[in-house]
Amino acid sequence: MNIIELANLSAYYGDKKVLNNINMRIAKNKITAIIGPSGCGKSTLLAVLNRMLEENGGAIEGKVFFDDKDILNYPKDELRKRIGIVFQKPSPFPMSIYKNLTYAPLYYGVRNKKILNQIVDDKLKISGLYHEVKDNLKISALKLSGGQQQRLCIARALTVEPDILLMDEPCSALDVKNTANIEDMLVNLLDNYTIVIVTHNLSQAKRISDYTAFILDGEIVEYGETNEVFNNPKDKRTKEYIEGIYG
């Protein structure tokens with residue numbers, strides 16, 4: 001079952017075309033990795049999916065369907081509640097751990113303290129942070145380590161129960177241990193969430209993703225099951241990128 005469909009999608013910043021005629025379907029409750037060299041349009045693709053592209057002065061042609069409905073027909077608040085995003089650099093709010101995790105639920109109208117506390121506990125447990133911070137929820141999130149901050153940002157994105165979690169290079173600034181923690185967490189989320197991850201780390205894409213799209217110069221060169229893309233690429237350019245010949 002697919003949750004997102006991109007149909008003849010092109011994306012622009014002014015006169016510059018960044019994505020060209022993208023057609024792909026994103027499977028529900030799976031991890032889809034987006035790979036390709038710097039500047040190829042990977043992050044732009046994520047920005048299209050929750051309409052952040054518009055905030056940055058971009059525009060699209062073609063269609064993006066989420067649950068069979070054009071994303072332009074969703075109010076932005078509703079769309080971004082259902083399609084969350086985590087960025088490359090950890091970006092906790094300059095407030096307590098607890099307030100980081102209750103910010104979005106409060107924004108969307110949750111006022112019951114017991115429910116808020118349960119959300120905080122649940123998402124800290126999912127992120128593997130619970131035992132590390134449960135006695136220090138009032139301290140500033142900025143005092144956490146980089147790896148902890150990134151896991152907190154993922155937990156924060158999950159507090160409103162999105163359908164899809166977009167990840168833009170979430171492990172690029174982290175060490176091996178923290179990367180492994182986040183990869184394990186993402187795999188364990190798949191019962192309830194769909195994940196789209198942009199990554200330069202080809203080993204990471206191969207380890208955790210079910211599907212992989214290789215983008216080059218704003219176009220999808222190859223898209224399919226990860227094992228097939230990595231072990232039996234159909235396009236010479238995919239093979240060359242995976243082998244490190246360029247990119």
Side-chain angles (χ1 to χ4, degrees), residues 1-11 19-36 41-55 58 60-87 104-105 108 122-123 126-127 153-170 182-199 204-215 218-229:
M1 175 184 262
N2 299 310
I3 192 169
I4 291 273
E5 180 178 358
L6 310 177
N8 303 316
L9 174 76
S10 295
L19 295 174
N20 182 38
N21 198 36
I22 301 291
N23 291 279
M24 66 184 291
R25 292 184 175 95
I26 295 173
K28 188 174 183 178
N29 298 116
K30 301 293 183 182
I31 297 178
T32 298
I34 312 295
I35 62 172
K42 303 185 299 297
S43 295
T44 298
L45 181 58
L46 291 193
V48 167
L49 294 181
N50 74 345
R51 296 182 61 185
M52 287 190 64
L53 187 78
E54 299 168 39
E55 309 294 335
I60 67 169
E61 291 178 351
K63 297 289 185 181
V64 181
F65 297 99
F66 168 46
D67 268 353
D68 298 322
K69 181 178 175 181
D70 190 328
I71 62 168
L72 296 180
N73 292 330
Y74 285 92
K76 286 183 184 177
D77 277 3
E78 179 186 347
L79 185 71
R80 290 172 184 166
K81 181 180 179 184
R82 298 186 63 188
I83 304 179
I85 190 165
V86 175
F87 298 101
Y108 286 105
D122 288 347
K123 302 318 173 190
I126 286 173
S127 67
C153 290
I154 296 171
R156 186 180 66 198
L158 297 177
T159 57
V160 292
E161 297 297 341
D163 298 273
I164 300 173
L165 187 61
L166 309 176
M167 316 283 287
D168 194 357
E169 296 280 2
I182 287 176
E183 288 181 1
D184 288 344
M185 175 181 28
L186 296 183
V187 171
N188 289 330
L189 289 175
L190 291 180
D191 284 344
N192 298 305
Y193 307 96
T194 299
I195 295 168
V196 182
I197 182 169
V198 162
T199 180
Q204 180 177 74
K206 194 172 183 179
R207 277 194 302 271
I208 69 171
S209 70
D210 301 286
Y211 297 91
T212 295
F214 170 49
I215 297 181
E219 298 183 352
I220 291 185
V221 173
E222 194 154 344
Y223 179 49
E225 294 185 7
T226 294
N227 286 337
E228 278 295 303
V229 171

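Below, all heavy atoms of this structure are taken into account, side chains as well, without hydrogens, waters or symmetry copies. Quick caveat, the model's predicted, so the values are computed rather than measured.
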What heavy-atom pair brings [X] and [Y] nearest, and what distance separates the two atoms?
X: Tyr193; Y: Pro162; value: CD2-O, 3.1 Å
X: Cys153; Y: Val86; value: O-CG2, 4.0 Å
X: Ile182; Y: Pro170; value: CD1-O, 4.4 Å
X: Ala157; Y: Leu165; value: CB-CD1, 3.7 Å
X: Asp77; Y: Tyr108; value: O-OH, 2.8 Å
X: Ala11; Y: Leu53; value: CB-CD2, 4.0 Å

Under a 3.5 Å distance rule, please check whether [X] uses its side chain to pair with a backbone N or O of [Y] as donor and acceptor.
X: Asp70; Y: Leu72; value: yes
X: Tyr74; Y: Phe66; value: yes
X: Thr199; Y: Ala205; value: no
X: Arg156; Y: Lys123; value: no
X: Tyr223; Y: Arg25; value: yes
X: Ser10; Y: Asn21; value: yes

For atom CG of Asn73, decide whether the heavy atoms of other residues, nucleotides or ligands shown that lie under 6.0 angstrom number more than 12. yes
Heavy-atom count around Lys30 NZ within 6.0 Å, excluding the residue itself: above 12? no
Atom pair [atom1]/[atom2] of [X] and [Y] - distance to nearest 0.5 Å:
X: Leu186; Y: Arg207; atom1: CG; atom2: CZ; answer: 11.5 Å
X: Asn227; Y: Thr212; atom1: CG; atom2: OG1; answer: 9.0 Å
X: Asn192; Y: Leu158; atom1: CG; atom2: CG; answer: 9.5 Å
X: Ile215; Y: Ile35; atom1: CD1; atom2: CD1; answer: 9.5 Å
X: Leu46; Y: Ile197; atom1: CG; atom2: CD1; answer: 9.5 Å
X: Leu6; Y: Lys63; atom1: CG; atom2: NZ; answer: 13.0 Å

Start with the C-alpha gap between Thr194 and Asp163, add the side-chain angles, then the distance that decides, and say whether side chain to side chain contact (heavy atoms under 4.5 Å, CB included) holds. CA-CA 6 Å; Thr194 299; Asp163 298 273; over 6 Å; no
Asn50: which of Ile71, Val64, Ile164, Ile85 passes side-chain contact (heavy atoms from CB on, under 4.5 Å):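 Per the side-chain contact (heavy atoms from CB on, under 4.5 Å) rule, the option paired with Asn50 is Ile85, out of Ile71, Val64, Ile164, Ile85.
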Close side-chain approach of Leu49 to Ile26, heavy-atom, < 4.5 Å: yes
With a 4.5 Å limit on heavy-atom distance, are the side chains of Ser127 and Ile154 in contact? no
Step-by-step side chain to side chain contact (heavy atoms under 4.5 Å, CB included) determination, Leu190 to Ile195: CA-CA 8 Å; Leu190 291 180; Ile195 295 168; 4.0 Å; yes
What residue pairs, at least two apart or across chains, pass salt bridge (Lys or Arg N to Asp or Glu O under 4.0 Å) with a residue in residues 218-228? Glu228-Lys234
Partners meeting salt bridge (charged side-chain N to carboxylate O under 4.0 Å, His left out) with Asp168 (sequence neighbours left out): none
Working for side chain to side chain contact (heavy atoms under 4.5 Å, CB included), residues Met24 and Leu45: CA-CA 11 Å; Met24 66 184 291; Leu45 181 58; 4.2 Å; yes
Residues two or more places apart in sequence or in another chain: which of them pass side-chain hydrogen bond (donor to acceptor under 3.5 Å, both in side chains) with Asn29?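 Result, side-chain hydrogen bond (donor to acceptor under 3.5 Å, both in side chains) vs Asn29: none returned.
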